[in-house]
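Before any comments, here is the structure.
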Amino acid sequence: MLQKVRQQWKDLVEAQLAGYAKELVGDDDAVSSLPPLAVQTPPKPELGDIAFPLFSYAKALKAAPPKIAADIKARIEALSDRPAGQLLLAGPYLNVKIDVAALAADLSREIRSEGPSYGCNEAKRGMKVMVEFSCPNTNKPLHLGHMRNDSLGESVSAILRANGAEVRKVNLVNNRGVHICKSMLAYEKFGNGETPESSGLKGDHLVGKYYVRFAQWEKEDSTAVEQAQEMLKKWEEGEPAVIALWKKMNQWTLDGLAESYRKMGVSFDKYYYESDTYKLGKDEVLKGLEKGVFYREADGSVWIDLADIKLDKKVLLRKDGTSLYMTQDLGTAVARHEDWPFDSLIYVVASEQNYHFKVLFHVLGKLGYEWAKNLHHLSYGMVNLPEGKMKSREGTVVDADDLVDQLTSLAADEIRAKEREGEVGDVDATAHAIALGALNYYLLQVSPTKDMIFNPAESISFNGNTGPYLQYMGARISSMLRKFAEVETDYVSVPFDPALLALEDERELIKVLASYPEAVAKAGSDYDPSVITAYLYDVSRRFSKWYHDNQILKAGEPALVKARVELSSMVLQVLRNAFSLVGIPYLSTM
RNA sequence: GCGCUCGUAGCUCAGCUGGAUAGAGCGCCGGACUUCGAAUCCGUAGGUCGCAGGUUCGAAUCCUGCCGGGCGCACCA
């Protein structure tokens, strides 16, 4: 919306620059070789709303930028038909102060008619995008690292939907392998038939307990790992007792994970299990061999030479003909494309695997899959603690369930401390929503590629730049609108007059609201939820300052009340829309 | 050693497709509640944007080198 206004002015200035160049220099070459016009935002509101820096035209036009700015300004002002707004000179910049009242009028209409879909666009209309995330192991519960993954996966999926894509969220559960056998073995040896029911432990925590137990036992018995490998062999041979134990324990974990996901607001359209996919890919590799894009070593193993992307050689099939991680991922990608012919597939996986995905995508391209060029690895950095890395051996791993519970109980304490139980109604549900808002916002605030430090003390703070702060702004506006609703009948005949929103804070707020669609588009093309979190904070901060300094319901003049209420309700709609993209539950009271 | 990645205020982070005095939050210090919910708002202090070159009218932003942190470099996943 703001984009449109900007473009309008850009076209106009560009056209005038061309005309000006022709007059000044005289030939068409001078016109066609003009540098492109940059569009910027002035650093201070009093300098205008749109800025056109003219430095780069000095050479071509043989004139000083301030003079060019002045001349272009004069030319535009001489036009009879031009967009509403005012031109300002600021040295080498030609700035525009746009007609914010007109913008506000359009914005109000648009937000009212589009509601929850205000900000959405059609950029990816018709595109099928698969998003893979979470991918837990079935030998332990989720921890903080998974939470960053899940937050990103959910958020990116929502963002892509807002950009018009058809999204399918998928999970690939890692339910087989030696590490799974380790917890099985330890359970067999030390479990004494314990169950989630008998122990009172959540299934995934119970299984995790035996994974830890294995690590302990491994130190006492040097044959432990060997025994686990034997168990894996039996699993692969389908030995009934092993399969039965595997099924039982996997189910415990999966039930536990399902509960964690529910608690975290995470869901999937489809689950894939590695036990079904781990043998895939062999055919793909053999096809590649036929095509001559791979080669076979004397020992029978199959390789690809990655010299063309300046990497080493990589094994794709073992000498005994069995699959590897890479083989599996090749096969899984192909199988999924057959399942659901996506245009693009996004893997939300930690940056440790950058190399793996670089190779995977390249190999798929070599195999001739044209969709390979639309595969994307959404790589994210580690989550560390203030003391350093999380280490399972040192017991510093932050458990996902514990964290959510802890935050929920702190939020509940806060509600009680503020004596808001009555207004809030369901304290637990509200506290839980606050906990999720706090967590998702904290995790999504940081650019995905960067490692981040998770400071528990800071994450549980509900003040400052936090999820609850944003939720609070939403709740405040809702509260105010409820009050307004009681007297709304008095205002039905009062029209919304956007010209009354002339304060600087109001102008800025309107512009920010009008730029929301651009934030959604950028978040979508960059696969970056932090664009939305930053946007949310910007809107909230501006709103709270304005709201603090100015009265809304008590503004006096009915027309002014109406205008400010209208602005507030626009802010609320945008907040809610953006909340839904980053996993922050909206609360009408808190 | 090679590759990828990050290095901005005491701490946690924005800003990075080059542009006008580098921004927030936390913390510190100091203000604002008989007034639409103070989970709020305002103000002060705090930065050679890792270092050195280069490109440019202009560099936190682009290029090169160096230094420092992280990750990766298995016929493991």
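Residue numbers start from 1 in every chain, and the chains themselves are labelled A, B, ... in the order their sequence lines are given, proteins ahead of strands.
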Quiz item: Between rA20(B), rA32(B), rA14(B), which one does the side chain of Val446(A) approach most closely?
Solution: rA14(B)
Quiz item: Which base sits across from rC71(B) as a Watson-Crick or G-U pair, both distances under 3.5 Å?
Solution: rG3(B)
Self-check item: Shortest non-hydrogen contact between Ala69(A) and Gly91(A), atoms and distance
Solution: CB-O, 4.0 Å
Quiz item: With both distances kept under 3.5 Å, what pairs with rA14(B), Watson-Crick or G-U wobble?
Solution: none
Quiz item: Are the side chain of Asn139(A) and the backbone of Tyr211(A) linked by a donor-acceptor contact shorter than 3.5 Å?
Solution: no
Quiz prompt | Least distance between heavy atoms, Asn440(A) atom then Ser151(A) atom | solution = OD1-OG, 2.6 Å
Quiz prompt | Stepwise ring pair (Phe, Tyr, Trp, His ring centres under 6.0 Å) check, Tyr537(A) with Tyr469(A) | solution = CA-CA 9 Å; Tyr537(A) 184 65; Tyr469(A) 167 78; 5.8 Å; yes
Quiz item: What string of B, S and - do you get for nucleotides 68-77 of chain B, 5' to 3', if B is base contact, S is sugar-phosphate-only contact and - is no contact with any protein heavy atom under 4.0 Å?
Solution: --SSS--BSB
Self-check item: Distance in angstrom units between Asn465(A) CG and rA24(B) P, rounded
Solution: 12 Å
Quiz item: Over how many whole Å does the gap from Glu423(A) atom CD to rC36(B) atom P extend?
Solution: 14 Å
Quiz prompt | Under 4.0 Å protein heavy-atom contacts per nucleotide of nucleotides 4-11 of chain B, with B for base, S for backbone only and - for none | solution = S-SS----
Exercise. Verify, without hydrogens or angle tests, whether Lys182(A) (side chain) and Ala228(A) (backbone) share a donor-acceptor contact under 3.5 angstrom.
Key: no
Quiz prompt | Donor-acceptor under 3.5 Å (Asp505(A) side chain, Trp546(A) main chain) | solution = no
Practice problem: Identify the nucleotide, in any strand shown, that forms a Watson-Crick or G-U wobble pair with rU56(B), with both distances under 3.5 Å; if there is none, say none. | Solution: none
Quiz item: In whole Å, what is the span from the CG atom of Leu470(A) to the P atom of rU40(B)?
Solution: 11 Å
Exercise. Using the six-membered ring for Trp and the full ring for Phe, Tyr or His, decide whether Phe55(A) stacks on the six-membered base ring of rG19(B) (centres under 5.5 Å, planes under 30°).
Key: yes
Quiz prompt | Pairwise P distance, rA59(B) and rC29(B) [rounded to whole Å] | solution = 39 Å
Quiz prompt | Who pairs with rU48(B) - Watson-Crick or G-U, where each distance is under 3.5 Å | solution = none
Exercise. Establish, for the pair Arg176(A) and Tyr278(A), whether the NZ or CZ atom is under 6.0 angstrom from the six-membered ring centre and no further than 45 degrees off its axis.
Key: yes
Quiz item: Which of these nucleotides, rA20(B), rA14(B), rC36(B), is closest to any side-chain atom of Ser447(A)?
Solution: rA14(B)
Exercise. Return yes if a side-chain donor-acceptor contact under 3.5 Å exists between Gln471(A) and Tyr441(A), otherwise no.
Key: no
Quiz item: Nearest to the side chain of Gln551(A), which nucleotide is it out of rU40(B), rC41(B), rU35(B)?
Solution: rU35(B)
Self-check item: Smallest separation among heavy atoms of Gly381(A) and Asp451(A), with atom names
Solution: CA-OD1, 3.2 Å
Quiz item: Between Met473(A) (CE) and rC36(B) (C1'), how many Å, whole number?
Solution: 13 Å
Quiz item: Mind checking the P distance from rG27(B) to rC42(B)? Whole angstroms is fine.
Solution: 15 Å
Exercise. Let me know, please, whether Ser544(A) or Pro43(A) comes out on the 5' side of the other along RNA chain B by nearest nucleotide.
Key: Pro43(A)
Self-check item: Arg336(A) NZ/CZ over Tyr272(A) ring centroid, <6.0 Å and within 45° of normal
Solution: yes
Quiz item: In the strands shown, is rU40(B) matched to any nucleotide by a Watson-Crick or G-U wobble pair with both distances under 3.5 Å, and which?
Solution: rA32(B)
Quiz item: Would you say Tyr535(A)'s side chain and Val512(A)'s backbone share a donor-acceptor pair under 3.5 angstrom?
Solution: yes
Quiz prompt | Cationic N near anionic O, under 4.0 Å, Glu414(A) to Arg420(A) | solution = no
Practice problem: Would you mind reading off the distance between Trp546(A) atom CH2 and rC41(B) atom P, rounded to a whole angstrom? | Solution: 15 Å
Exercise. Assign each of Lys545(A) and Ile415(A) to its nearest nucleotide of RNA chain B by heavy atoms, then name whichever residue's nucleotide is nearer the 5' end.
Key: Ile415(A)
Quiz item: Could you write nucleotides 58-64 of chain B as a row of B, S and -, 5' to 3', where a protein heavy atom under 4.0 Å of any base atom gives B, of only sugar-phosphate atoms gives S, and otherwise -?
Solution: -------
